[in-house]
Every structure is written in structure tokens, then in C-alpha cells.
Amino acid sequence: MDKLLEINDLTKQYSQGNVIARVTLTAVDHISFYIKPAEIFTLAGESGCGKTTTAKVIIGFEEATTGAILHNGKLQTRHEKPWITEGVQAIFQDPFSTFNPMRTVDSYFFETVQNYRLANSKQDAIDRIDKTLRLVGLTYKEFAGKYPNEFSGGQLQRISIARALVTNPKLIVADEPVSMVDASLRMSIVNLFKQLRDELGVSILYITHDLATAYYVSDRIAIMFRGNIVEMGTVEKVLMNPRHPYSRLLRDSIPQADPQKRWTSTVTLAELEHEEYLRRGCKFAGRCPDVMDICKGVVPADITVDDVLVKCHKYTDE
Ligand SMILES: Nc1ncnc2c1ncn2[C@@H]1O[C@H](COP(=O)(O)OP(=O)(O)OP(=O)(O)O)[C@@H](O)[C@H]1O
Ligand SMILES: [Mg+2]
């Protein structure tokens, strides 16, 4: 099977605190996954579980502590960064911070075309930019010479997607791309991801805490908790029949259409973050409704049940 991106046993540690009290936090803890060509793969989980850290290591903004990242089978090294060599582009949460308010948005596109030597003349560049903008429902004419504040958040996020597409990337890493976009426009952005996958064969690493859009857009999904992938498989299997107690909790915290059922559980417990990151055994043991003695001392193995990977002692004997 083709693997566009392969993450093997990746760990990223940060040193936190001051000189008196230094702690090492394992933000990403021995995770492995892969992304196929033309696939939307989602990393989901609550705030602070290590999603952005994973993305940063993949695009080369941060160095891995241990583990390997392969792009098309080629090992990523300190000197060979994927966004230059392998057509990986990134989109971030806040489109307004992607663009300098004092610069016209088209200048970013011309810069990218120039840096990657994608055009032979100004007209050639304009044609290329126009073609890319049309993929996201915009045109060169309606955007030329304008500043970021002349667009809505949704439009600007489309523009940042178009900017990522200028180089014809094979993989787009999208870190919370819709969380700052109006709810009414979110679906149009995630639909765009599907369109890019289907029409251009682009793969997307979609990072989100929003399981509703994740369910809608993903082919496969990995649920992260405190640096670990606790469950991974097709989105149908993982979200319709979650096996890990944490996946279940996360899914059940999606706001329901029925207002009576809204926010049935509170998942974000930031004060627990450090305690859980440093926990021996299963990091979810302190909150798990199904906790057993073994969970408090022994890290669960990755077990495959019905083609789904589950990191939970409940499934050890299946
Ligand atoms: N540069 C850093 N230095 C020290 N600790 C960091 C650094 N970046 C992230 N962390 C810590 O690593 C953990 C994972 O953070 P990360 O930003 O990857 O989470 P996330 O899943 O993206 O969260 P969110 O949903 O809030 O964006 C957190 O505990 C965070 O405080
Ligand atoms: Mg993040």
C-alpha cells in the first residue's frame, strides 16, 4: 500500500517550568500512523493532547525527540524539510494571523510563485493564482490589491487554503482550520477538503476537536489523549462504535440537536493536564468509568479489534 506520510513511534518532549522546578512533558508519546494518497486523516482530541505538536513536527517547525517521519518513504531529516522538498503545506487556525494586515493578500501568492519558480511572467503568475483561487470559489479579480481586513474570516480561510494549493502539494496539514470560522461557513470549508481530495488527489491531515466535522469529512481518524493515540480506524467504526472509554466520552460531549442533552459531559479539565501527562499506566485511568487495577500501573498495548487500534486494557484478552 502507498503511504504518503508515515509516522513511526514519534515522541516529542518539552522541558517546562523554571530553573528551580523543571519538568519534562511528553507532549507526543510514541505515536505511529500513516496517511495514504487522497485520504483525509483526522487527529482529534481535547485541548493540550498533542495535536499541534504532532503537526509542527510533521511540517518541520519542531524537531522530533525520537521516532521517524517519512514522506513518500523518504526519511525527514533536519536538513530536508518537507514543505520545500515534498509538497507539504500547512493551514492554521487563525486566518487573520496568517496574513500581515499591512500587506495585500495577493503579495503572498506572488511571493510563493516566485519562491518556487512556478511562473515565467507576471501574466503567467496571475493565471496560476487565478486558477488556484477558483478551486476555493474565488477569483484573482475579486482579490487583487485587497488587504486581509477586506475579507471575512471564512473568505480569508479559503484564501489561505488557496495559498497552500499554489505549489500543488500532495499533503495539506490543517490545524483547527474551522474553529475560528463562523459555524455557518464551517461545512463549506470542510466540503472544500473533500473536493480537493476527490478532484486533485490531495491528502489532508485534519486536526480538530470538533467530531461533527471530523465525522463528516474524514476517511480515518485517530483519537489522541495526553500524547497517545488511544483509538484509530475508519471514521465510521471509531465514531459510531467507539471502543476506548475516552473516545466514548469525547463523542458523547458533542452538542446534541436536543437542547436538553447539550454538553452532557465536560471533557476539558485543564487542571488535570499535568497530572495526566505524568501518570504511569494508562493516562486516562483517573477519569475512566471502566478503570481496573492494571490501568493504574501498566501502559496498555495497542490492540487491534475489528481493524480498529485501541490502547486499552479492556481489550487485552479479546
Ligand atoms: N513550546 C512548548 N513548550 C513547552 N510545552 C509545550 C510547548 N508547546 C506545547 N506544549 C505543551 O504540550 C502539550 C500539547 O500541546 P499541543 O499544543 O500540541 O496541544 P493541542 O492538542 O494542539 O491543543 P489545542 O487543542 O489547545 O490546540 C500541552 O501540555 C502544551 O502545554
Ligand atoms: Mg493545537
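Just so you know, these numbers come straight off a predicted model, no measurement behind them. We count ligands from 1, going down the list as the structure has it; atoms in each ligand are counted the same way.
- Salt-bridge check for R287 with E46: passed, with a basic side-chain N closer than 4.0 Å to an acidic carboxylate O.
- Close N/O approach between S47 and ligand 1 is found [any backbone or side-chain N/O within under 3.5 Å].
- With Y108 as the fixed residue, the ring-ring contact (aromatic ring centres under 6.0 Å, His included) test singles out one of F99, F143, Y147: F99.
- Taking only nitrogen or oxygen atoms, main chain and side chain alike, T53 reaches within less than 3.5 Å of ligand 1.
- Polar contact check, A27 against ligand 1: no nitrogen or oxygen pair lies under 3.5 Å apart.
- Every heavy atom of G45 sits 4.0 Å or more from the atoms of ligand 1.
- Each of the atoms 17 (O), 18 (O), 20 (P), 22 (O), 27 (O) of ligand 1 lies under 4.0 Å from some heavy atom of T52.
- Backbone and side-chain nitrogen or oxygen atoms of E62 are examined, and none is located within less than 3.5 angstrom of a nitrogen or oxygen of ligand 1.
- For residue T53, no N/O/S atom approaches the Mg ion (ligand 2) to within less than 2.8 Å.
- Every atom of ligand 1 is numbered from 1 in the order shown, and the set under 4.0 Å from a heavy atom of L25 is 11 (C), 12 (O), 13 (C), 29 (O).
- Of the charged side-chain nitrogens involved, at least one lies within less than 4.0 Å of a carboxylate oxygen, so that D130 and R134 count as a salt-bridged pair.
- Classification of E231 and R251 as a salt-bridged pair fails, no side-chain N sitting under 4.0 Å from a carboxylate O.
- Judged by the shortest distance from any of its heavy atoms, Q16 lies inside the 4.0 Å radius around the atoms of ligand 1.
- Of all heavy-atom pairs spanning A55 and I207, the tightest one is CB-CD1, 3.5 Å.
- Between G48 and ligand 1, a contact under 3.5 Å exists for at least one N or O pair.
- Between R197 and D219 there is a salt bridge, since at least one side-chain N of the basic residue sits less than 4.0 Å from a carboxylate O of the acidic one.
- Ring geometry for F284 versus H244: interplanar angle of 30 to 60°, hence tilted.
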